[in-house]
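Index from 1, following the sequence.
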Amino acid sequence: MLRKALIWVMGGLWAQAPEPLSLLNSMLDRLGTLRTLQYEFKKYERVRGKLLLEHMRFKLRRNPFAVYGYQYSPRAGVEVLYPAEPGSKRILVKPNSFPYVALTLDPYGDLILENQHQTILATGYDQMRTLLLAAREKYRTQLKNLVRYEGSLTWDGRRCHKLVLSPPAYRITTYTVQAGENLFQIAEKLHVGWYKILELNDLSSPTDPLPAGRVLKVPSDYGKVIRLIVDSERHIPLVIEVEDEKGLYERYEYYKVEVDPPLTDFDFSRKNPAYKF
């Protein structure tokens, strides 16, 4: 009888919906403590009206920031490493196609950002955490009404909770460029996506010059709706999905996530024999 009672109690605790704001806060707190990550990653991003898929695996260290990535698709064998060398601000890329040699590139350059919503520096959770912290502060007096719980589910073998965040009045507004500002600085200042600004203003490149006084169309928030599938035990998001005024804007799926694996400098070295730079 006691065993049955315990099973009933524990089942009831799992069935009881968690308080959504507490769940969001615990996730944000946990993300701030991560040191290293290793995971597989599927990325869906809307680029010029089409949803593009990229499948990769990553090793990541937060401090000092370093990342190694291997691509399965759309081009198997592509590898990326940041920094390219210790102390460098550039990224090493093995394209696995012509010119068949590793290239050292600017992580903010046109070549590396073609068909991308994010820079290599946004790999992992830190950028999304920063955006969500900014939204929490912006809407702190309304937050309880903007975050809702939508049940539990299993993702990649993990018990998870589903959270939905909806800004109260997502819209397209305007911003006047200040002297010396570029697209990335404006996006960071407004806590929105740089690619979204590029798309709204028909810019061909993130490095296009932006003269002071130019009026840009910008979103009021990062997304109209943000959906999170959060690991109930580890308090990390395993799916991040963002909708804008047109529908699905981006979706990031995390698989086989290892939290704080013992990565070393050799994991982020081009001399690592497991890599093909």
So with a 6.0 Å cut-off around CD of Gln116, is the heavy-atom count from everything else above 12?
yes
When rounded to the nearest 0.5 Å, the distance separating CG of Leu132 from CD1 of Ile240 is 7.5 Å
Is the shortest side-chain heavy-atom distance between Met56 and Tyr72 below 4.5 Å?
no
Would you compute the distance between atom CG of Leu81 and atom NZ of Lys59 and round it to the nearest 0.5 angstrom?
10.5 Å
Do the ring centers of Tyr125 and Tyr254 come within less than 6.0 Å of each other?
yes
Are Pro167 and Lys138 packed together at the side-chain level, in the sense that at least one heavy-atom pair is separated by less than 4.5 angstrom?
no
Using the rule that two of Ile, Leu, Val, Met, Phe, Trp, Tyr join whenever any of their side-chain heavy atoms come within less than 4.5 Å, decide whether Val259 and Phe268 are in one cluster.
no
Pairwise side-chain contact, Ile186 with Leu216, heavy-atom cut-off 4.5 Å (strictly under)
yes
Cation-pi check, Arg57 to Tyr70: give yes when NZ or CZ is under 6.0 Å from the six-membered ring centre and within 45° of the ring axis, no otherwise.
yes
What are the two closest heavy atoms between Ile236 and Leu34, and how far apart are they?
CG2-CD1, 4.4 Å
What is the minimum heavy-atom distance between Val192 and Pro219, and which atoms define it?
CG1-O, 3.6 Å
Glu54 versus Tyr44, side-chain donor and acceptor atoms under 3.5 Å
no
Is it the case that more than 12 heavy atoms not belonging to Lys89 sit under 6.0 Å from its NZ atom?
no
Does the ring center of Tyr255 lie less than 6.0 Å from the ring center of Tyr39?
no
With distance as the sole criterion, is a donor-acceptor pair present between the side chains of Arg48 and Asn115 under 3.5 Å?
yes
Less than 4.0 Å between a side-chain N and a carboxylate O, is that true for Glu40 and Lys42?
no
Can you tell me how far apart CG (Leu24) and CG (Leu228) are? Round to the nearest 0.5 Å.
7.5 Å
Of all heavy-atom pairs linking Arg158 and Asp231, the shortest is NE-OD2, 2.8 Å
Regarding His55 and Gln71, do their side chains bring together a donor and an acceptor under 3.5 Å, going by distance alone?
no
Please tell me whether Tyr222 and His191 form a close aromatic pair, meaning their ring centres lie under 6.0 Å apart.
no
Sidechain N-carboxylate O distance under 4.0 Å for Arg46, Asp244
yes
Checking Lys162 against Tyr149: charged group under 6.0 Å from the ring centre and within 45 degrees of the axis?
no
Taking every non-hydrogen atom, the tightest pair across Thr119 and Leu113
CA-CD2, 3.8 Å
Cluster check Val242, Val239: I/L/V/M/F/W/Y, side chain < 4.5 angstrom:
yes
Polar side chain donor-acceptor pair, Lys189 to Tyr175, under 3.5 angstrom:
yes
Using the salt bridge (Lys or Arg N to Asp or Glu O under 4.0 Å) rule, take Glu245 and Lys196 through it: C-alpha gap first, then chi angles, then the decisive distance, then the call.
CA-CA 11 Å; Glu245 72 284 358; Lys196 183 64 181 177; 2.9 Å; yes
Can you find a heavy atom in the side chain of Leu203 that is under 4.5 Å from one in the side chain of Leu210?
yes
Parallel, tilted or perpendicular: which one describes the rings of His117 and Tyr195, with boundaries at 30° and 60°?
parallel
Please determine whether a side-chain nitrogen of the Lys or Arg among Lys256 and Asp156 lies less than 4.0 Å from a carboxylate oxygen of the Asp or Glu.
no
Hey, are Lys43 and Gln118 close enough side-chain-wise for a donor-acceptor pair under 3.5 Å?
no
What is the distance from atom CE of Met27 to atom OG of Ser22, rounded to the nearest 0.5 Å?
13.0 Å
Locate the shortest heavy-atom distance separating Cys160 from Ile229; write the atom from each residue and the value.
CB-CG2, 3.6 Å
Single-linkage hydrophobic cluster, 4.5 Å side-chain cutoff, Val80 and Phe277 together:
no
Is the closest side-chain donor-acceptor distance between Ser88 and Glu85 under 3.5 Å?
no
To the nearest 0.5 Å, tell me how far Arg136 CZ sits from Leu146 CG.
13.5 Å
Using a strict cut-off of less than 4.0 Å between a Lys/Arg side-chain nitrogen and an Asp/Glu carboxylate oxygen, indicate whether Asp221 and Arg171 qualify as a salt bridge.
no
Roughly how far, to the nearest 0.5 Å, is CD1 of Ile172 from OG of Ser220?
7.0 Å
